[in-house]
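Here is the structure we will look at, set down as structure tokens.
Letters A, B, ... mirror the listed sequences (proteins, then strands); counts begin at 1.
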Protein chains: 2
Amino acid sequence: MARRSRPRSVRQTLSGAKSMQSDRRALLGGLTGMAALAPFLTLESAAAAVAAQQDPAAASAEAHERLMQVPGLRMHGDEQVAMLLYPGFTALDLVGPHYFFACMMGAKVHLVTNQASLAPVASDLGLAIAPTTTLADCPADLTLLFCPGGTNGTIAAASDPATLAFLADRAVRAQCVTSVCTGSVILGAAGLLKGRRATSHWVAREQLSRFGATPVDERVVRDGKIITGAGVSAGLDLGLAVVEILRGRPYAAALMLQAEYSPAPPFPGGTLANTDPAVGGPMSDMFTAFRAEVDKLKPL
Amino acid sequence: MARRSRPRSVRQTLSGAKSMQSDRRALLGGLTGMAALAPFLTLESAAAAVAAQQDPAAASAEAHERLMQVPGLRMHGDEQVAMLLYPGFTALDLVGPHYFFACMMGAKVHLVTNQASLAPVASDLGLAIAPTTTLADCPADLTLLFCPGGTNGTIAAASDPATLAFLADRAVRAQCVTSVCTGSVILGAAGLLKGRRATSHWVAREQLSRFGATPVDERVVRDGKIITGAGVSAGLDLGLAVVEILRGRPYAAALMLQAEYSPAPPFPGGTLANTDPAVGGPMSDMFTAFRAEVDKLKPL
């Protein structure tokens, strides 16, 4: 059987490769009614599993086929995903959702720099990520557009006409327009939040009203095609929420398990409400200058 | 006053710059008993705050000084942090803890490639990160050593004598030796887990016994200087736990608030126990080939 002929890495089986046997999937589509309970759908697949015990690569491939048969699990796709890079972006804002977007099998992720060259783009904490394309060369028709946040670099990006024009143009045709952290400030500056419910990092959430948005204190906020996440770490929650929209709950659940996303912070915190005010008060006030810069931005 | 002379970005105030006024902090050290309740410690700082309302940059700087006065908050440090990069590593494994490590003011983070050149190192999902140094050029004496996980690339790194020799050497003198996901497999191959309690991505956790470790089903496991995290997204929990060790709870709480780390997955999941068995079963079996490769590794 073809599935034994090509050992694949487990990571590859969930991303990148397009070698899935969709004919076989269609063939088995009528048999999946009990898949939520049955570990093996047919005597054939049970026999394959037994044989696979002798061959780890075959066992992995067989399991992959079995996963594809789960009702509602849309493993195949051809999404065009663009994620913006600009100097001073926050790397974790981008890499959290990137994990989930790039795991979507068949999806093509473009890392789009707003700089002239394809040199690695330095984040606010020094870590530099290599882009794959420029604003000009990014595909015109996207499934998913994403914008990370930051501080000084975010103000610069939200003041750059070419960056704003790119976002405004691609957003028209995109199925989902998304951001994490203060990335929503850039979406706002591009005129994309007018009349929308949206969120941002807690330090800048209320500033979104400057762009005609209604600020919402939630981890992930969806208003039609506009889906915004709260600060930095909310990218994981947003990433999963977007995968659920594009690929359905079972596929998102598979990626959640692969990411072992069952968070357990070592102590309470993460919001102003549950952080010692002696820490939270100064932390909030430290962003006074940043908020003042956001307030100066003029949306398209 | 000096704090008004130099507007700083809020991100910079928590990372990078070493311009803090430690003399001033020492001076105020005796006055901080009520800091957990008092928004302003002295009439002087209250006056500065009022004046700062006229000047956003001054307000940010004043808040930063106020934060420094919180009892137990160790804002200053000079940690040497090394984070390993190898082809096929999982980017989120690294970028989650990197956020917290790199935010530690005064800490120096080295992104160490195990390749010959400083070309960006491609992760398993295609995102490439620029290293800052090589194995040979990485400082000999480190505070903190970190190893990310992956799948095929992880097996290759855990089979590379130069990579293992680097880890074994640096670990001797490091204060904390850490990993996320299957990064613990590499630590195990380097002989660093013998007799230790440790964790890994759920797919490979039990395999750690091959390296003389006791596998533990917890999100973050500390056994002396060895601190290991579970799969992929556990890097955020591990990062915070390590910051708490190095800088104390109040500083970790400040970074947790800056990261807005108050996770809220859009639906339950992330472990085999709370994932539909029709999804979790095949997901686990898909890693059969990877587990077989781990079992072939021979520790130093």
Proximal component of A:V220, with respect to chain B [non-hydrogen, under 4.5 Å]
neither
Do the side chains of B:L125 and A:Y99 get nearer than 4.5 Å, heavy atoms only?
yes
B:M286 vs A:R66, side chain to side chain contact (heavy atoms under 4.5 Å, CB included): CA-CA, chis, key distance, verdict
CA-CA 10 Å; B:M286 278 168 54; A:R66 194 153 28 101; over 6 Å; no
Chain A heavy atoms under 4.5 Å from B:L111: which part of the residue, side chain, backbone, both or neither?
side chain
If you define the side chain from C-beta out and look only at heavy atoms, does anything of B:L94 sit under 4.5 Å from A:L127?
yes
Among A:A128, A:A122, A:S123, A:G239, the residue with the most heavy-atom pairs under 4.5 Å to chain B is A:A128
Interchain contact, A:A252 with chain B, by part (heavy-atom threshold 4.5 Å)
both
Quick check: closest heavy atoms across A:F267 and B:M256, and the distance to 0.1 Å?
O-CE, 3.0 Å
Expected output: side-chain B:T288 to main-chain A:A59 donor-acceptor under 3.5 Å
no
B:P265, B:G280, B:G96, B:P268: which one forms the most heavy-atom pairs within less than 4.5 Å of chain A?
B:P265
For B:L92 and A:H98, what are the C-alpha separation, side-chain angles and deciding distance, and is it a side chain to side chain contact (heavy atoms under 4.5 Å, CB included)?
CA-CA 8 Å; B:L92 183 53; A:H98 179 275; over 6 Å; no
Between A:P120 and chain B, with a heavy-atom cut-off of 4.5 Å, which part of the residue counts as in contact: side chain, backbone, both or neither?
side chain
Partner chain B: residue of A:A234, A:G126, A:A259, A:G281 with the largest heavy-atom pair count (under 4.5 Å):
A:A259
Which atoms of A:A292 come close to chain B, meaning under 4.5 Å heavy atom to heavy atom: side chain ones, backbone ones, both, or neither?
side chain
Within this structure, what is the CD1-CD1 distance for the pair B:I129 and A:I129, rounded to the nearest 0.5 Å?
5.0 Å
Are the side chain of A:S262 and the backbone of B:T271 linked by a donor-acceptor contact shorter than 3.5 Å?
no
Ranked by heavy-atom pairs below 4.5 Å to chain A, first place among B:S284, B:A130, B:P263 goes to B:P263
If I take atom CG from residue B:D237 and atom OG from residue A:S233, how far apart are they, to the nearest 0.5 angstrom?
10.0 Å
Taking side chain as C-beta onward, heavy atoms only, is A:Q258 less than 4.5 Å from B:W202?
no
Side chain, backbone, both or neither: which part of A:L240 has an atom under 4.5 Å from a heavy atom of chain B?
both
With a 4.5 angstrom heavy-atom cut-off, is it the side chain or the backbone of A:L238 that approaches chain B, or both, or neither?
neither
Check whether any side-chain N or O of A:S60 sits under 3.5 Å from a backbone N or O of B:A289 as a donor-acceptor pair, and report yes or no.
yes
B:V232 side chain near A:E260 side chain, heavy-atom distance below 4.5 Å:
no
Restricting to side chain to side chain contact (heavy atoms under 4.5 Å, CB included), what partner residues turn up for A:I155, sequence neighbours left out?
A:S159, A:F290, A:E293, A:V294, A:L297
